[in-house]
S.K.: 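Pasting in a structure now, in C-alpha coordinates, and then I'll have a few things to ask.
Residue numbers start from 1 in every chain, and the chains themselves are labelled A, B, ... in the order their sequence lines are given, proteins ahead of strands. Everything numeric in this text was worked out from a predicted model, so none of it was measured.
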Amino acid sequence: MPELPEVETTVAGLREPLEGRRLTRVEPRRPDMRKPFPVDLRQRLTGAEVTSLDRRAKYGLIATDRGDTMIFHLGMSGRWVIDAESVNIHDHLLLETSEGRHLALRDPRRFGFVDLLPTAALDVYPAFAAMGPEPLGPAFTAAYLKTALENRVAPIKAMLLDQRIVAGLGNIYVCEALHRAHLSPKRQASTIALKSGAPRPSANALADAIKAVLNDAIKAGGSSLRDHRQTDGDLGYFQHSFRVYDRAGEKCPTKGCKGTIRRIVQGTRSTFFCPVCQK
DNA sequence: CCGACAACCTGACGGC
DNA sequence: TGCCGTCAGGTTGTCG
(Lines give C-alpha, C1' and ligand atoms only; values in the text may rest on other atoms or scores of the structure.)
Protein backbone atom coordinates (compact mmCIF):
# COMPACT_ATOMS: atom_id res chain seq x y z
CA MET A 1 0.00 0.00 0.00
CA PRO A 2 2.75 2.42 -0.44
CA GLU A 3 2.49 5.49 -2.65
CA LEU A 4 1.57 8.96 -1.43
CA PRO A 5 -2.23 8.51 -1.41
CA GLU A 6 -1.95 5.23 0.48
CA VAL A 7 0.34 6.74 3.10
CA GLU A 8 -1.96 9.76 3.38
CA THR A 9 -4.90 7.43 3.95
CA THR A 10 -2.94 5.35 6.43
CA VAL A 11 -1.90 8.38 8.47
CA ALA A 12 -5.48 9.63 8.52
CA GLY A 13 -6.60 6.23 9.79
CA LEU A 14 -4.02 6.27 12.58
CA ARG A 15 -5.22 9.59 14.02
CA GLU A 16 -8.27 8.27 15.78
CA PRO A 17 -6.50 5.44 17.66
CA LEU A 18 -3.26 7.39 18.27
CA GLU A 19 -3.63 11.15 18.42
CA GLY A 20 -3.73 12.43 21.99
CA ARG A 21 -3.24 8.87 23.28
CA ARG A 22 -0.46 7.56 25.43
CA LEU A 23 1.64 4.62 24.26
CA THR A 24 1.61 1.94 26.94
CA ARG A 25 3.45 -0.71 24.98
CA VAL A 26 5.98 -0.55 22.14
CA GLU A 27 7.20 -3.94 21.05
CA PRO A 28 9.38 -4.82 18.06
CA ARG A 29 8.93 -8.51 17.37
CA ARG A 30 12.20 -8.97 15.49
CA PRO A 31 15.43 -6.98 15.36
CA ASP A 32 14.87 -5.40 11.97
CA MET A 33 12.81 -4.79 8.89
CA ARG A 34 14.77 -3.33 5.97
CA LYS A 35 16.81 -1.57 8.64
CA PRO A 36 17.29 -2.45 12.31
CA PHE A 37 14.71 -0.98 14.67
CA PRO A 38 16.32 1.87 16.66
CA VAL A 39 17.77 0.30 19.80
CA ASP A 40 16.03 2.79 22.06
CA LEU A 41 12.66 2.74 20.28
CA ARG A 42 10.79 1.08 23.13
CA GLN A 43 12.45 3.13 25.83
CA ARG A 44 11.84 6.49 24.15
CA LEU A 45 8.25 5.84 23.07
CA THR A 46 6.75 3.92 25.97
CA GLY A 47 4.77 6.32 28.16
CA ALA A 48 4.88 9.12 25.61
CA GLU A 49 1.77 10.79 24.27
CA VAL A 50 1.25 11.01 20.52
CA THR A 51 0.76 14.67 19.67
CA SER A 52 0.39 14.57 15.88
CA LEU A 53 0.45 12.37 12.81
CA ASP A 54 1.79 13.57 9.52
CA ARG A 55 3.10 12.52 6.15
CA ARG A 56 6.15 13.48 4.13
CA ALA A 57 6.22 11.90 0.65
CA LYS A 58 5.72 8.18 1.33
CA TYR A 59 6.80 8.42 4.96
CA GLY A 60 4.49 8.50 7.95
CA LEU A 61 5.43 10.67 10.95
CA ILE A 62 4.25 10.04 14.50
CA ALA A 63 5.30 12.84 16.87
CA THR A 64 5.28 12.59 20.68
CA ASP A 65 5.24 14.98 23.59
CA ARG A 66 8.79 13.95 24.41
CA GLY A 67 10.17 15.67 21.34
CA ASP A 68 10.65 12.52 19.26
CA THR A 69 9.16 11.54 15.93
CA MET A 70 8.79 7.97 14.82
CA ILE A 71 9.15 7.68 11.07
CA PHE A 72 7.69 4.71 9.24
CA HIS A 73 7.94 3.61 5.64
CA LEU A 74 5.64 0.91 4.27
CA GLY A 75 7.93 -0.37 1.54
CA MET A 76 5.99 -2.48 -0.96
CA SER A 77 3.75 -4.55 1.27
CA GLY A 78 3.49 -2.72 4.58
CA ARG A 79 0.36 -1.51 6.34
CA TRP A 80 -0.94 -0.76 9.81
CA VAL A 81 -3.53 -3.14 11.19
CA ILE A 82 -5.74 -1.87 13.99
CA ASP A 83 -7.22 -4.09 16.69
CA ALA A 84 -6.64 -7.38 14.88
CA GLU A 85 -8.02 -10.55 16.43
CA SER A 86 -4.58 -12.07 16.69
CA VAL A 87 -0.95 -11.30 15.94
CA ASN A 88 0.19 -12.20 12.43
CA ILE A 89 3.66 -13.63 11.76
CA HIS A 90 4.37 -10.52 9.67
CA ASP A 91 3.45 -8.07 12.43
CA HIS A 92 6.90 -6.66 13.15
CA LEU A 93 6.05 -3.82 15.54
CA LEU A 94 3.18 -3.75 18.04
CA LEU A 95 1.81 -0.63 19.75
CA GLU A 96 -0.76 -0.42 22.51
CA THR A 97 -2.40 2.75 23.79
CA SER A 98 -3.82 3.83 27.11
CA GLU A 99 -7.29 3.26 25.62
CA GLY A 100 -6.42 -0.36 24.94
CA ARG A 101 -6.12 -0.03 21.18
CA HIS A 102 -3.73 -2.42 19.47
CA LEU A 103 -1.78 -1.44 16.36
CA ALA A 104 0.47 -3.67 14.31
CA LEU A 105 2.87 -2.74 11.54
CA ARG A 106 2.42 -5.66 9.16
CA ASP A 107 4.84 -6.08 6.27
CA PRO A 108 5.42 -9.51 4.70
CA ARG A 109 8.26 -8.42 2.41
CA ARG A 110 9.93 -6.28 5.04
CA PHE A 111 10.95 -3.55 2.61
CA GLY A 112 9.52 -1.07 5.08
CA PHE A 113 11.30 0.29 8.13
CA VAL A 114 10.99 2.41 11.24
CA ASP A 115 13.23 5.20 12.46
CA LEU A 116 13.21 7.51 15.46
CA LEU A 117 14.71 10.94 15.78
CA PRO A 118 14.21 14.26 17.54
CA THR A 119 11.37 16.12 15.86
CA ALA A 120 13.63 19.17 15.59
CA ALA A 121 16.02 17.15 13.41
CA LEU A 122 13.45 16.08 10.80
CA ASP A 123 14.75 18.51 8.21
CA VAL A 124 18.19 16.97 8.26
CA TYR A 125 16.95 13.39 8.10
CA PRO A 126 18.94 12.23 5.05
CA ALA A 127 15.96 10.91 3.10
CA PHE A 128 14.10 14.19 3.59
CA ALA A 129 17.03 16.51 3.03
CA ALA A 130 17.52 15.20 -0.52
CA MET A 131 13.83 15.13 -1.36
CA GLY A 132 11.98 17.20 -3.93
CA PRO A 133 8.78 19.13 -3.19
CA GLU A 134 5.46 17.62 -2.19
CA PRO A 135 3.39 17.26 -5.37
CA LEU A 136 0.33 18.61 -3.57
CA GLY A 137 2.23 21.49 -1.98
CA PRO A 138 2.65 25.07 -3.18
CA ALA A 139 6.24 24.57 -4.40
CA PHE A 140 5.24 22.03 -7.01
CA THR A 141 4.34 24.05 -10.10
CA ALA A 142 4.74 23.73 -13.86
CA ALA A 143 7.59 26.20 -13.64
CA TYR A 144 9.35 24.08 -11.02
CA LEU A 145 8.85 20.93 -13.09
CA LYS A 146 10.25 22.61 -16.16
CA THR A 147 13.37 23.71 -14.29
CA ALA A 148 13.85 20.34 -12.64
CA LEU A 149 13.63 18.47 -15.92
CA GLU A 150 15.61 20.64 -18.26
CA ASN A 151 18.84 19.00 -19.43
CA ARG A 152 17.54 15.59 -18.36
CA VAL A 153 18.01 12.95 -21.02
CA ALA A 154 16.27 10.08 -19.22
CA PRO A 155 12.65 9.12 -19.98
CA ILE A 156 10.06 11.23 -18.20
CA LYS A 157 8.77 8.09 -16.45
CA ALA A 158 12.10 7.54 -14.71
CA MET A 159 12.39 11.19 -13.69
CA LEU A 160 8.96 11.22 -12.04
CA LEU A 161 9.88 8.16 -10.01
CA ASP A 162 12.97 9.98 -8.73
CA GLN A 163 12.04 11.29 -5.28
CA ARG A 164 14.57 14.12 -5.66
CA ILE A 165 12.49 15.60 -8.48
CA VAL A 166 9.11 15.21 -6.81
CA ALA A 167 8.47 13.27 -3.62
CA GLY A 168 5.74 10.69 -3.21
CA LEU A 169 4.97 9.33 -6.66
CA GLY A 170 5.41 5.63 -7.39
CA ASN A 171 4.85 3.32 -10.32
CA ILE A 172 1.06 3.43 -10.34
CA TYR A 173 0.53 7.16 -10.09
CA VAL A 174 3.32 8.02 -12.52
CA CYS A 175 1.69 5.80 -15.15
CA GLU A 176 -1.70 7.29 -14.39
CA ALA A 177 -0.50 10.90 -14.43
CA LEU A 178 1.32 10.51 -17.74
CA HIS A 179 -1.80 9.05 -19.31
CA ARG A 180 -3.94 11.91 -18.03
CA ALA A 181 -1.41 14.39 -19.44
CA HIS A 182 -1.24 12.50 -22.77
CA LEU A 183 2.53 12.26 -22.47
CA SER A 184 4.49 9.18 -23.48
CA PRO A 185 6.46 7.59 -20.63
CA LYS A 186 9.33 7.17 -23.10
CA ARG A 187 9.57 10.86 -23.93
CA GLN A 188 12.86 12.45 -23.02
CA ALA A 189 12.28 14.48 -19.85
CA SER A 190 13.91 17.67 -21.12
CA THR A 191 11.45 17.93 -24.00
CA ILE A 192 8.70 19.16 -21.71
CA ALA A 193 11.08 21.81 -20.46
CA LEU A 194 12.70 23.18 -23.59
CA LYS A 195 12.81 26.90 -24.25
CA SER A 196 13.24 29.62 -21.71
CA GLY A 197 10.38 31.64 -20.32
CA ALA A 198 6.94 30.29 -19.63
CA PRO A 199 6.41 26.59 -18.97
CA ARG A 200 5.40 24.59 -22.04
CA PRO A 201 1.85 23.31 -22.27
CA SER A 202 3.04 19.78 -21.49
CA ALA A 203 4.65 20.88 -18.21
CA ASN A 204 1.38 22.51 -17.19
CA ALA A 205 -0.62 19.46 -18.20
CA LEU A 206 1.72 17.15 -16.34
CA ALA A 207 1.75 19.15 -13.10
CA ASP A 208 -2.04 19.35 -13.22
CA ALA A 209 -2.40 15.64 -14.00
CA ILE A 210 -0.16 14.66 -11.08
CA LYS A 211 -2.15 16.74 -8.63
CA ALA A 212 -5.46 15.53 -10.02
CA VAL A 213 -4.67 11.84 -9.88
CA LEU A 214 -3.28 12.10 -6.34
CA ASN A 215 -6.30 14.05 -5.13
CA ASP A 216 -8.69 11.60 -6.77
CA ALA A 217 -6.85 8.66 -5.22
CA ILE A 218 -6.86 10.21 -1.74
CA LYS A 219 -10.59 10.82 -2.04
CA ALA A 220 -11.02 7.15 -2.90
CA GLY A 221 -8.99 6.08 0.12
CA GLY A 222 -6.00 5.04 -2.00
CA SER A 223 -5.57 1.83 -3.95
CA SER A 224 -5.81 -1.67 -2.52
CA LEU A 225 -4.01 -4.25 -4.60
CA ARG A 226 -3.06 -7.80 -3.74
CA ASP A 227 -3.10 -7.13 0.01
CA HIS A 228 -6.80 -7.64 0.61
CA ARG A 229 -9.33 -5.68 2.60
CA GLN A 230 -9.03 -5.37 6.42
CA THR A 231 -7.49 -2.61 8.48
CA ASP A 232 -10.57 -0.90 9.84
CA GLY A 233 -10.04 2.37 8.00
CA ASP A 234 -8.15 1.06 5.05
CA LEU A 235 -10.39 -0.03 2.22
CA GLY A 236 -9.18 2.01 -0.74
CA TYR A 237 -10.99 1.56 -4.03
CA PHE A 238 -9.00 3.73 -6.44
CA GLN A 239 -7.74 0.61 -8.24
CA HIS A 240 -11.12 0.52 -9.94
CA SER A 241 -10.36 3.93 -11.39
CA PHE A 242 -7.00 3.06 -12.92
CA ARG A 243 -6.97 4.18 -16.55
CA VAL A 244 -3.85 2.27 -17.60
CA TYR A 245 -2.10 0.62 -14.65
CA ASP A 246 -2.33 -3.18 -14.91
CA ARG A 247 -4.71 -2.83 -17.86
CA ALA A 248 -2.57 -4.14 -20.73
CA GLY A 249 -4.74 -5.23 -23.65
CA GLU A 250 -7.72 -3.12 -22.65
CA LYS A 251 -9.09 -0.28 -24.70
CA CYS A 252 -7.70 3.17 -23.93
CA PRO A 253 -10.22 5.12 -21.84
CA THR A 254 -9.37 8.47 -23.45
CA LYS A 255 -12.45 9.86 -25.17
CA GLY A 256 -12.31 9.19 -28.89
CA CYS A 257 -9.02 7.25 -28.68
CA LYS A 258 -8.96 3.89 -30.45
CA GLY A 259 -5.71 2.76 -28.82
CA THR A 260 -5.01 -0.31 -26.70
CA ILE A 261 -3.10 -0.16 -23.43
CA ARG A 262 0.37 -1.63 -23.66
CA ARG A 263 2.80 -2.87 -21.02
CA ILE A 264 6.49 -2.19 -21.54
CA VAL A 265 9.46 -2.43 -19.18
CA GLN A 266 11.48 0.67 -18.34
CA GLY A 267 14.48 0.27 -16.07
CA THR A 268 13.19 -3.08 -14.77
CA ARG A 269 9.73 -1.75 -13.91
CA SER A 270 6.43 -2.15 -15.74
CA THR A 271 5.00 0.83 -17.53
CA PHE A 272 1.42 0.90 -18.77
CA PHE A 273 0.42 3.45 -21.42
CA CYS A 274 -1.53 4.10 -24.59
CA PRO A 275 0.79 4.41 -27.62
CA VAL A 276 -1.92 6.28 -29.54
CA CYS A 277 -2.87 9.20 -27.31
CA GLN A 278 0.30 9.54 -25.22
CA LYS A 279 2.92 11.43 -27.21
C1' DC B 1 27.01 13.56 -12.91
C1' DC B 2 24.06 10.00 -15.02
C1' DG B 3 21.88 5.76 -15.93
C1' DA B 4 21.43 0.70 -15.56
C1' DC B 5 20.86 -2.96 -12.52
C1' DA B 6 21.15 -6.04 -8.50
C1' DA B 7 19.81 -6.65 -3.90
C1' DC B 8 16.73 -6.70 0.00
C1' DC B 9 12.07 -10.31 1.12
C1' DT B 10 7.57 -12.99 0.85
C1' DG B 11 3.47 -14.33 -1.51
C1' DA B 12 0.37 -14.93 -5.43
C1' DC B 13 -0.40 -16.74 -9.77
C1' DG B 14 0.09 -19.20 -14.23
C1' DG B 15 2.00 -23.04 -16.76
C1' DC B 16 3.31 -27.74 -16.99
C1' DT C 1 -1.47 -31.48 -6.25
C1' DG C 2 3.10 -29.69 -6.63
C1' DC C 3 7.07 -27.45 -8.41
C1' DC C 4 9.08 -23.59 -10.92
C1' DG C 5 9.43 -19.26 -12.96
C1' DT C 6 7.70 -14.58 -12.96
C1' DC C 7 5.95 -10.61 -11.04
C1' DA C 8 4.59 -7.15 -7.37
C1' DG C 9 2.98 -0.43 -4.72
C1' DG C 10 10.15 1.01 -3.04
C1' DT C 11 14.79 2.34 -1.95
C1' DT C 12 19.74 2.03 -1.95
C1' DG C 13 24.25 0.92 -3.28
C1' DT C 14 27.54 -0.34 -6.90
C1' DC C 15 29.48 -0.22 -11.33
C1' DG C 16 30.61 1.54 -15.87
S.K.: Dot-bracket, DNA chain B: Watson-Crick or G-U, under 3.5 angstrom, [ ] crossing, | other strand?
M.R.: .|||||||.|||||||
S.K.: Show every side chain to side chain donor-acceptor pair (under 3.5 Å) that has at least one partner inside residues 56-67 of chain A, sequence neighbours left out.
M.R.: A/Arg56-A/Glu134
S.K.: If you assign A/Ser270 and A/Gln163 each to the DNA chain C nucleotide with the nearest heavy atom, which residue ends up on the more 5' nucleotide?
M.R.: A/Ser270
S.K.: With stacking defined as ring centroids separated by under 5.5 Å and planes differing by under 30°, is A/Phe111 stacked against B/dC8?
M.R.: yes
S.K.: If the condition is side chain to side chain donor-acceptor pair (under 3.5 Å), which residues does A/Thr254 pass it with, not counting sequence neighbours?
M.R.: A/His179
S.K.: Step by step, work out the side-chain hydrogen bond (donor to acceptor under 3.5 Å, both in side chains) result for A/Gln266 and A/Thr271.
M.R.: CA-CA 7 Å; A/Gln266 289 181 289; A/Thr271 297; 2.6 Å; yes
S.K.: Return the set of residues passing side chain to side chain donor-acceptor pair (under 3.5 Å) with A/Lys35 (not counting sequence neighbours), or none when no residue passes.
M.R.: A/Asp115
S.K.: Residues two or more places apart in sequence or in another chain: which of them pass side chain to side chain contact (heavy atoms under 4.5 Å, CB included) with A/Arg110?
M.R.: A/Arg30, A/Met33, A/His92
S.K.: Report each atom pair, protein N/O against N/O of nucleotides 14-16 of chain C, whose distance is under 3.5 angstrom.
M.R.:
none

S.K.: Side chains of A/Ile264 and A/Arg262: does their closest heavy-atom pair fall under 4.5 Å?
M.R.: yes
S.K.: Quickly work out the A/Arg79 CZ to C/dA8 P distance and round it to whole Å.
M.R.: 21 Å
S.K.: Choose from C/dG9, B/dT10, C/dT12 the nucleotide whose nearest atom is closest to any side-chain atom of A/Tyr59.
M.R.: C/dT12
S.K.: Which Ile, Leu, Val, Met, Phe, Trp or Tyr residues join A/Tyr237 in one cluster when any pair of side-chain heavy atoms under 4.5 Å counts as a link?
M.R.: none
S.K.: Output the rounded distance in Å from CZ (A/Arg55) to C1' (C/dG9).
M.R.: 15 Å
S.K.: Can you identify which nucleotide, out of B/dC8, C/dT11, C/dA8, has its nearest atom closest to the A/Lys58 side chain?
M.R.: C/dT11
S.K.: Can you list every ring pair (Phe, Tyr, Trp, His ring centres under 6.0 Å) pair that touches residues 257-279 of chain A, not counting sequence neighbours?
M.R.: A/Tyr245-A/Phe272
S.K.: Indicate yes or no: at least one non-hydrogen side-chain atom of A/Pro108 is less than 4.5 angstrom from one of A/Ser77.
M.R.: yes
S.K.: Can you name the salt bridge (Lys or Arg N to Asp or Glu O under 4.0 Å) partners of A/Asp54, sequence neighbours left out?
M.R.: none
S.K.: Quick one: A/Asp107 CG to C/dT11 C1', roughly how many Å, whole number?
M.R.: 13 Å
S.K.: Tabulate protein N/O versus nucleotide N/O from nucleotides 2-5 of chain B, keeping only pairs under 3.5 Å, one per line.
M.R.:
unit_1, atom_1, unit_2, atom_2, d
B/dG3, OP1, A/Ala154, N, 3.0
B/dG3, OP2, A/Arg152, NH1, 3.1

S.K.: Between P on B/dC9 and CZ on A/Arg109, what's the gap in Å once rounded to a whole number?
M.R.: 11 Å
S.K.: Rounded to the nearest angstrom, tell me the gap between atom CG in A/Leu74 and atom P in C/dT11.
M.R.: 10 Å
S.K.: Distance check, P atoms only: B/dA6 and C/dT6, in whole angstrom units.
M.R.: 13 Å
S.K.: Separation of A/Arg263 atom CZ from C/dG9 atom C1', in whole Å?
M.R.: 15 Å
S.K.: From the list C/dT12, C/dG9, B/dT10, which nucleotide is the closest neighbour of the side chain of A/His90?
M.R.: B/dT10
S.K.: Would you indicate which nucleotide in C/dG10, C/dC7, B/dT10 comes nearest to any side-chain atom of A/Arg110?
M.R.: B/dT10
S.K.: Could you check how far CD1 of A/Ile264 sits from C1' of C/dC7, rounded to whole Å?
M.R.: 17 Å
S.K.: Does A/Arg269 have a side-chain nitrogen or oxygen under 4.0 Å from the phosphate oxygens OP1 or OP2 of C/dC7?
M.R.: no
S.K.: Under the side chain to side chain contact (heavy atoms under 4.5 Å, CB included) rule, collect the residues that match up with A/Phe140, sequence neighbours excluded.
M.R.: A/Pro133, A/Pro135, A/Tyr144, A/Leu145, A/Val166, A/Ala207, A/Ile210, A/Lys211
S.K.: Other members of the hydrophobic cluster containing A/Val124, with the 4.5 Å side-chain heavy-atom rule, please.
M.R.: none
S.K.: Whole-Å distance between C/dG13 P and A/Phe113 CZ?
M.R.: 11 Å
